[in-house]
There are 2 protein chains.
Amino acid sequence: MDKDEKAKYESRAKVLKALAHPARLKLVDILSEHDEVCVCELTEAIGTDMSTVSRHLTQLKNAGIVESEKHGQMVFYRLRVKCLTSLFGCIESVVHGHLKNQLKVLS
Amino acid sequence: MDKDEKAKYESRAKVLKALAHPARLKLVDILSEHDEVCVCELTEAIGTDMSTVSRHLTQLKNAGIVESEKHGQMVFYRLRVKCLTSLFGCIESVVHGHLKNQLKVLS
DNA sequence: TGTATATTTGGCTAATCGTGCAAGTAAGCA
DNA sequence: TGCTTACTTGCACGATTAGCCAAATATACA
């Protein structure tokens, strides 16, 4: 793998890694349904410590998936990416194809 | 998060996690260009120990992304998923949008 | 000014991950 | 029956991750 190729796969992996966690997927889902949401609301939806949610959001931000803006003492997060719905469509097809296959194996 | 919702995000995360590694992304890329490829060839392309490549392939298989078949003493891997190209299109748009944004910040 | 609220960051621990080497399994060939 | 090749698995180790609590920061408000 030359340097360019390595960089290509590493940058892709960085984005996928940022998405690859149940809590962060839920954050993205919520954000896809609203224009912008504060950390406090997101924390309530996720149900873990606010510090944990804040770190998840930082990861999504570092990957370029969300952006944030401070209004008063609250910080609002917003999706930067529009194509995630089709991406999840693909992921779901993997999930269901695989489950179907596992059932086949079991039976 | 109720049980169904939890399961939904966990199954998505599992697939994304399986993809979220440079070596595994390259494996998927190679497999998307060929019908089926043996572990030995994939190992040469990746450039790490064959045992490591074998484990990466196992992860992709457990996630439902690839399948394998043994012919003689060789094991051939094949992509099970057709939609990955559009998925990576989305990922790339995140990467480039983000880089553009970082350059803006720097200047 | 002092106090309360929203968020991020530091520090810690337990769990998971990636890797190489060595050993095991399975198929082909002499 | 051995010997070789292709692959997987066990083991060990260093690196990364997710989580919580406590402390720091920043803003609003009395």
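In what follows, chains are A, B, ... by sequence order, proteins preceding strands, each numbered from 1. Keep in mind that this is a model prediction, so the values were computed, not measured. Excluded from the calculations below are hydrogen atoms, water molecules and symmetry mates; all remaining heavy atoms, backbone and side chain alike, are included.
- Residues B:Met50 and B:Cys40 have side chains in contact (heavy-atom distance under 4.5 Å, counting atoms from C-beta outward).
- Rounded to an integer number of Å, the gap from CD of A:Glu41 to P of C:dT5 is 18 Å.
- For the pair A:Thr52 and D:dG19, the criterion of a side-chain N or O lying under 4.0 Å from OP1 or OP2 is not met.
- In this structure, CE of B:Met50 is placed 18 Å from P of C:dT25, rounded to the nearest angstrom.
- B:Val53 and B:Ile30 fall within the same hydrophobic cluster, defined by Ile, Leu, Val, Met, Phe, Trp and Tyr side-chain heavy atoms under 4.5 Å apart, directly or through other members.
- The distance from atom CD of B:Glu69 to atom C1' of D:dC7 is 16 Å, rounded to the nearest whole Å.
- Whole-Å rounding puts the B:His71 NE2 to C:dG28 P distance at 11 Å.
- With B:Arg24 contributing its side chain and B:Ala18 its backbone, the two residues share a donor-acceptor pair below 3.5 Å.
- If you find the closest nucleotide of DNA chain C to A:Asp49 and to A:Gln73, the one lying nearer the 5' end belongs to A:Gln73.
- With hydrogens and angles ignored, a donor-acceptor pair under 3.5 angstrom links the side chain of B:Ser51 to the base of C:dC21.
- For D:dT8, the OP1/OP2 oxygens have a side-chain nitrogen or oxygen of B:Tyr77 closer than 4.0 Å.
- No path of Ile, Leu, Val, Met, Phe, Trp and Tyr side chains, each step under 4.5 Å between heavy atoms, connects B:Met74 with B:Leu31, placing them in separate hydrophobic clusters.
- In this structure, A:Leu57 places its CG atom 13 Å from C1' of C:dA6, rounding to the nearest Å.
- In this structure, NE2 of A:His21 is placed 12 Å from C1' of C:dT16, rounded to the nearest angstrom.
- Looking at A:Arg80, its side chain never comes within 3.5 Å of a backbone N or O of A:Glu67 through a donor-acceptor pair.
- Comparing B:Val39 and B:Arg55 along DNA chain D, the residue whose closest nucleotide (by nearest heavy atom) sits nearer the 5' end is B:Val39.
- Listed pair B:His56 / C:dT19 meets the phosphate criterion, a side-chain N or O lying under 4.0 Å from OP1 or OP2.
- The phosphate of C:dC17 has neither OP1 nor OP2 within less than 4.0 Å of any side-chain N or O from B:Gln59.
- Rounded to an integer number of Å, the gap from NZ of B:Lys17 to C1' of C:dG18 is 13 Å.
- Between the side chain of A:Thr48 and the base of D:dC20, no donor-acceptor pair of N or O atoms lies under 3.5 Å.
- Contact of B:Arg24 with C:dG18 (side chain to base): no donor-acceptor pair of N or O atoms is detected under 3.5 Å.
- Rounded to an integer number of Å, the gap from CZ of A:Phe76 to P of C:dT5 is 17 Å.
- Heavy atoms of B:Met74 sit under 4.0 angstrom from primed sugar atoms or phosphate atoms, though from no base atom.
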